[in-house]
Amino acid sequence: MKTLLFVALLWCICCEASAGQAAVVWMKNGDRLTGMITQQDKKIVFLNLPYSGQVQLPRAQIERIEQPKLAAVEVTPAAAQPEAPVVKNQAVRHSSIDLTAGKKRSSSRSDNLGFKTAFEQRDDNLRLTFDAKYDYETSNSLKKTHKYLLNPGADYFFQPQLFWRNKIDYSQDFVSSDYKNIDLSSGLGYSFYDTKELRVELIALAGLKRTYFKESAGLELFVGDRQSLDFRHIQLEWDLRYLWTGSSFEIFSEGSYLKPVNQPVSFIQFKQDVNLSTGLSYYLTERIRLSFSVDFDWSKIDVVLPQDLVISSDSRDLHQKLSIGAKF
């Protein structure tokens, strides 16, 4: 009995030492990370870096791990070795908030104020996200844009890099004739890289978008007595981010390309929808950042009149935004 207690005590000491030991992690892209391994399993390694806190490293992206060897402990052969304890990964959470002020480039000068927040939680095979954005824009002292967007989503990872995404895009516009849009979509994504320094992800989606119109919009000629239209679509999304090594600069680009696969009415031809945001961030501190971005929104719509007369009703917006934000 005393021998078993002694062996169990030695095992706990060794496990505690290995969970908190220093390590050098060599990534397949050539990066070298030095820190303390807090926990790990066959898929994920959690590394606590002295300058940025805990990061999550997929083993598929790790070339090798160098650790100092522990002193050998002689154990009586007759003593049975206990099974390794099962360690459950802690959730990795990220959130951010940004306040923006911008100038729109068009035929008239306009001012834009905005608010944007993002939340992300990754735990084992599940990643939960929630984005929200509010925009208020005036042109020549008249209200031109007043809307908000909510984007909850969930990604399930079959493998460290392959995942399935389900998401909802909900937008409410207090000015435009299409005052409400609800988009339900689902599809396959691939994460080429997802570390603190670099993220490269592409997602292919398919879904249904429903657009609601105001009764006073004057569209009865085109949509009849219907107050909403349904579009089936395919969509490509991307999320790119790179924190320049050894500096405080981060470049980013995110957006989507949407292509309808049906046209609910013959008079209105919805061709495509493009949303793009790209820019540069500078971290004043580890959490506080200044960002400059260029946002481009393009909805290509044609109105088909009798005798095959086609009138373009494209909507194109180009914004330059300066924002200050915090990342947690």
- Query: Taking all atoms of both residues into account, what is the closest heavy-atom pair of Phe158 and Trp164, and its distance?
  - Reply: CE1-CB, 3.6 Å
- Message: For Asp169 and Ile182: C-alpha separation, side-chain torsions, deciding distance, then whether side chain to side chain contact (heavy atoms under 4.5 Å, CB included) applies.
- Response: CA-CA 6 Å; Asp169 295 337; Ile182 302 176; over 6 Å; no
- Query: Does the side chain of Asn181 come within less than 4.5 Å of Tyr212's, by heavy atoms?
  - Reply: no
- About how many Å separate OG of Ser185 and CD1 of Ile203, when rounded to the nearest 0.5 Å? 10.0 Å
- Task: Indicate yes or no: at least one non-hydrogen side-chain atom of Asp239 is less than 4.5 angstrom from one of Arg199.
- Result: yes
- Query: Same hydrophobic cluster for Leu236 and Leu184, using side-chain heavy-atom links shorter than 4.5 Å among ILVMFWY?
  - Reply: no
- Message: Apply side chain to side chain contact (heavy atoms under 4.5 Å, CB included) to residues Leu280 and Phe292 and explain how you reach the verdict.
- Response: CA-CA 5 Å; Leu280 176 69; Phe292 173 78; 5.5 Å; no
- Any pair counted as ring-ring contact (aromatic ring centres under 6.0 Å, His included), so long as it reaches residues 268-287, sequence neighbours left out: Phe231-Phe270, Phe249-Tyr282
- Query: Got a second to check how far Asp273's CG is from Asp297's CG, nearest 0.5 Å?
  - Reply: 7.5 Å
- Query: Where do Tyr190 and Leu202 land on the side chain to side chain contact (heavy atoms under 4.5 Å, CB included) test, with the steps shown first?
  - Reply: CA-CA 6 Å; Tyr190 192 82; Leu202 292 176; 5.6 Å; no
- Message: With a 4.0 Å cut-off on N to O distance, would you call Arg127 and Glu201 a salt bridge?
- Response: yes
- Got Ser96 and Arg289 here, is their nearest side-chain heavy-atom distance under 4.5 Å? yes
- Is any side-chain heavy atom of Leu243 less than 4.5 Å from a side-chain heavy atom of Leu198? no
- Message: Any donor-acceptor pair under 3.5 Å linking the side-chain atoms of Gln272 with those of Tyr257?
- Response: yes
- Message: For Asn262 versus Pro264, what's the shortest heavy-atom pair and its separation?
- Response: O-CD, 3.9 Å
- Query: Any donor and acceptor pair, going by atom type alone, linking the side chain of Lys327 with main-chain N or O of Glu286 inside 3.5 Å?
  - Reply: no
- Message: Could you tell me if the side chain of Arg122 sits less than 4.5 Å from the side chain of Phe157, heavy atoms only?
- Response: yes
- Query: Given side chains that start at C-beta, do those of Gln40 and Arg59 come closer than 4.5 Å, heavy atoms only?
  - Reply: yes
- In this structure, OG1 of Thr129 is separated from CD of Glu120 (nearest 0.5 Å) by 7.0 Å
- Query: More than 12 foreign heavy atoms under 6.0 Å from NZ of Lys209: is that the case here?
  - Reply: yes
- Task: Grab the two heavy atoms, one from Ser253 and one from Leu276, that are nearest each other, plus how far apart they are.
- Result: OG-CD1, 3.8 Å
- Would you call Asp155-Arg165 a salt bridge at under 4.0 Å N-O? yes
- Task: Only one of Val45, Ile44, Asp194 passes side chain to side chain contact (heavy atoms under 4.5 Å, CB included) with Gln56; say which it is.
- Result: Ile44
- Task: Indicate whether any N or O donor in one side chain lies under 3.5 Å from an N or O acceptor in the other, for Asp135 and Thr145.
- Result: no
- Task: Nearest 0.5 Å please: distance from the CZ atom of Arg210 over to the NZ atom of Lys180.
- Result: 9.5 Å
- Do you know which two heavy atoms are closest between Leu188 and Phe163, and how far apart they sit? CD1-O, 3.3 Å
- Message: Are the side chains of Ile65 and Val24 in contact, using a 4.5 Å heavy-atom criterion?
- Response: no
- Item | Partner residues of Asp131 under the side-chain contact (heavy atoms from CB on, under 4.5 Å) criterion, sequence neighbours left out | Ala118, Asn151
- Query: Side-chain contact, heavy-atom cut-off 4.5 Å: Tyr193 with Gln161?
  - Reply: no
- Item | Euclidean distance, Ser191 OG relative to Gln159 CD, rounded to 0.5 Å | 12.0 Å
- Message: Test of understanding: with side-chain contact (heavy atoms from CB on, under 4.5 Å), list the residues that count as partners of Ser277, not counting sequence neighbours.
- Response: Phe252, Glu254, Ser293, Asp295
- Message: Pair Thr278, Phe296 - check side chain to side chain contact (heavy atoms under 4.5 Å, CB included), show working.
- Response: CA-CA 9 Å; Thr278 185; Phe296 178 65; over 6 Å; no
- Task: Measure the spacing between CD of Gln61 and OG1 of Thr195 and express it to the nearest 0.5 Å.
- Result: 7.0 Å
- Message: List the residues meeting side-chain contact (heavy atoms from CB on, under 4.5 Å) with Ser323, not counting sequence neighbours, and say none if there are none.
- Response: Asp98, Thr100, Ser291
- Item | Joint cluster assignment, Tyr148 & Val175, ILVMFWY side-chain distance < 4.5 Å | no
- Task: Report the residues that fulfil side-chain contact (heavy atoms from CB on, under 4.5 Å) with Phe115, sequence neighbours left out, ordered by chain and then residue number.
- Result: Ile97, Leu99, Thr117, Tyr134
- Query: Do Leu205 and Tyr156 share a hydrophobic cluster, counting only Ile, Leu, Val, Met, Phe, Trp and Tyr and linking them when any side-chain heavy atoms are less than 4.5 Å apart?
  - Reply: no
- Message: Between the side chains of Lys147 and Glu137, is the shortest nitrogen-to-carboxylate-oxygen separation below 4.0 Å, so that they form an ion pair?
- Response: no
- Distance-minimising heavy-atom pair for Ile62 and Lys28: O-CE, 3.6 Å
- Query: Other than Val261, what residues sit in its cluster of Ile, Leu, Val, Met, Phe, Trp and Tyr side chains whose heavy atoms are under 4.5 Å apart, directly or through others?
  - Reply: Ile234
- Query: Any chance the side chains of His233 and Asp183 put a donor and an acceptor closer than 3.5 Å?
  - Reply: yes
- Say whether Leu128 and Ile168 are linked into one hydrophobic cluster, either directly or through other cluster members, by side-chain heavy-atom distances under 4.5 angstrom. no
